[in-house]
2 protein chains.
Amino acid sequence: MPHLRIGALAARTGTNAPTIRYYEEIGLLRPADRDAGGQRAYGEQDVKRLTFIRRCREFGFSIEQVRSLVALVQDRERSCMDARNVAQEHLLAVRAKLNELKGLERSIAGFIATCDASCAGGPGPDCAILEDLARPS
Amino acid sequence: MPHLRIGALAARTGTNAPTIRYYEEIGLLRPADRDAGGQRAYGEQDVKRLTFIRRCREFGFSIEQVRSLVALVQDRERSCMDARNVAQEHLLAVRAKLNELKGLERSIAGFIATCDASCAGGPGPDCAILEDLARPS
DNA sequence: GATAGACCCTCAAGTAACTTGAGGTTCAAG
DNA sequence: CTTGAACCTCAAGTTACTTGAGGGTCTATC
């Protein structure tokens with residue numbers, strides 16, 4: 001089974017070499033084996049681990065959450081409830097951010113509608129958007 | 001009219017002193033006048049400017065967008081269309097992020113539902129969430 | 001005047017999650 | 001051998017702050 005160099009591992013897992021080195025540095029990935037030339041040599045286990053990490057990141061889990069999920073995958077002493085709790089915590093954060101962004105969308109769309117209805121391309125300082133933004137919250 | 005010190009300005013505008021110093025450093029706020037003791041002395045114009053900046057930040061405009069909005073407020077040669085365009089660009093970004101988060105919410109909620117239905121607190125490594133996360137995207 | 005606590009100052013480094021750049025080595029193809 | 005692509009380490013940059021070290025100023029109280 002030939003080993004993969006870092007660029008190939010990156011291509012296999014949808015990331016890039018600096019990010020892989022970063023993950024190794026912060027301990028998310030184990031230190032890689034090296035070939036005779038000192039270059040990193042990866043195997044299928046590394047592909048699986050990095051795939052998992054990238055998936056977690058895609059779903060927005062923080063590096064620290066990923067770290068604990070990775071630990072859970074390796075520990076039969078731990079309960080599945082731990083993974084569920086990490087996911088639940090993240091879901092709450094996603095929902096909070098969703099609500100925040102909905103409010104922002106409404107406000108900004110409202111600013112633009114007001115500008116369209118009343119400014120007609122007048123001077124910048126008189127723009128309804130800028131006037132709205134100048135009001136204390 | 002008595003001047004405000006930095007803490008008072010921060011309290012008036014819902015921010016804190018290090019953030020104000022930061023804004024001065026990056027040029028969003030003009031360099032403050034100083035009293036005889038070398039401490040920053042702010043007036044009502046500064047309150048207005050910082051209020052505007054904080055409002056823009058509350059609505060999620062980036063520092064660079066805020067910088068251009070601030071420039072627009074001061075320039076009657078510029079058209080209100082410029083402000084509208086900054087807002088529109090930001091609205092598109094907010095909508096993109098909203099869609100992304102909706103997808104995340106659905107996926108993560110689905111993971112949790114699957115775990116609830118099939119894991120029953122089994123060992124971590126067997127958790128449906130972790131198995132889902134281990135699959136290539 | 002002395003003291004103490006709150007607030008101020010500058011400077012620099014830290015945060016999260018990467019990304020980029022400098023300077024040098026290895027690899028594989030021609 | 002040469003060349004260009006990919007690899008290496010180390011350090012700094014990105015964004016928008018935040019924190020911490022070390023020292024100065026202000027104000028109220030005694």
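From a predicted model like this one, the values you see are computed outputs, not experimental measurements. A note on names: the letters A, B, ... follow the listed sequences, proteins ahead of strands, and every chain is numbered from 1.
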Can you list, by residue number, the residues of residues 88-97 of chain A that have a non-hydrogen atom closer than 4.0 angstrom to DNA chain C? none
Checking the side chain of B:N99 only, and the main-chain atoms of B:A96 only, is there a donor and an acceptor separated by less than 3.5 Å? no
Which atom pair, heavy atoms only, marks the closest approach of A:I129 to B:A87? CD1-CB, 4.0 Å
Mind checking the CD-CD1 spacing from A:E25 to A:I20? Nearest 0.5 Å is all I need. 14.0 Å
Strictly below 4.0 Å: does B:R40 bring a side-chain N or O up to OP1 or OP2 of C:dT10? yes
Residues of residues 61-70 of chain B with any non-hydrogen atom less than 4.0 angstrom from an atom of DNA chain D: list those, numerically ordered, please. B:S62, B:I63
Quiz question: by atom type and distance under 3.5 Å, do the side chains of A:R54 and A:Y23 form a donor-acceptor pair? yes
Side chain to side chain donor-acceptor pair (under 3.5 Å) with B:R76: which residues, sequence neighbours excluded? A:D126
Kindly state which residues belonging to residues 24-38 of chain B come within less than 4.0 angstrom of DNA chain C, counting heavy atoms of the residue only, listed by number. B:R34, B:G38
Can A:R5 and A:D35 be said to form a salt bridge (charged side-chain N to carboxylate O under 4.0 Å, His left out), step by step? CA-CA 9 Å; A:R5 291 228 277 287; A:D35 65 19; 5.2 Å; no
Treating B:R67 as the side-chain partner and B:I26 as the backbone partner, does any N or O pair qualify as donor plus acceptor under 3.5 Å? yes
What does the B/S/- profile of nucleotides 1-7 of chain C look like, 5' to 3', with a 4.0 Å heavy-atom cutoff to protein? -------
If every non-hydrogen atom of A:A17 is compared with every non-hydrogen atom of A:A10, which pair is closest and at what distance? N-CB, 4.0 Å
Check the phosphate of C:dA16 against A:Y22, side-chain N and O only, distance under 4.0 Å to OP1 or OP2. Yes or no? no
Those residues that, when tested against A:E24, pass side chain to side chain donor-acceptor pair (under 3.5 Å) (two or more places apart): A:R40
Is the side chain of B:R49 donor-acceptor paired with the backbone N or O of B:V70 at a distance under 3.5 Å, no angle test? no
By side chain to side chain donor-acceptor pair (under 3.5 Å), which residues pair with B:T19, not counting sequence neighbours? B:N16
When all nucleic acid strands are considered with a 4.0 Å heavy-atom cut-off, which category describes B:R57: base, sugar-phosphate, or nothing? sugar-phosphate
Going 5' to 3' along DNA chain D, between which two nucleotides do contacts with chain B fall, using a heavy-atom cut-off of 4.0 Å? D:dA16 to D:dT27
Might you confirm whether atom CD of B:Q74 has over 12 heavy atoms from other residues, nucleotides or ligands at distances under 6.0 Å? yes
Before accepting this row, confirm whether a basic side-chain N of the pair B:R55/A:D132 lies closer than 4.0 Å to the acidic partner's carboxylate O. no
Give a yes or no on whether B:L133 and A:M81 share a hydrophobic cluster (residues Ile, Leu, Val, Met, Phe, Trp, Tyr; joining criterion: side-chain heavy atoms under 4.5 Å apart). no
Just to verify, what does B:R34 make a side chain to side chain donor-acceptor pair (under 3.5 Å) with, not counting sequence neighbours? none
For B:F59, what residues pass the ring-ring contact (aromatic ring centres under 6.0 Å, His included) criterion, not counting sequence neighbours? A:F111
Over its full length, what angle do the end axes of the helix from C:dG1-D:dC30 to C:dG30-D:dC1 make, each axis taken from five pairs and the result rounded to 10 degrees? 20°
When rounded to the nearest 0.5 angstrom, what distance separates OH in A:Y22 from CG in A:L28? 8.0 Å
Mind listing the side-chain donor-acceptor pairs of residues 100-110 of chain A below 3.5 Å, one per line with the distance, residues two or more places apart or on another chain?
unit_1 : atom_1 : unit_2 : atom_2 : d
A:E105 : OE2    : B:R95  : NE     : 2.7
A:S107 : OG     : A:G103 : O      : 3.1

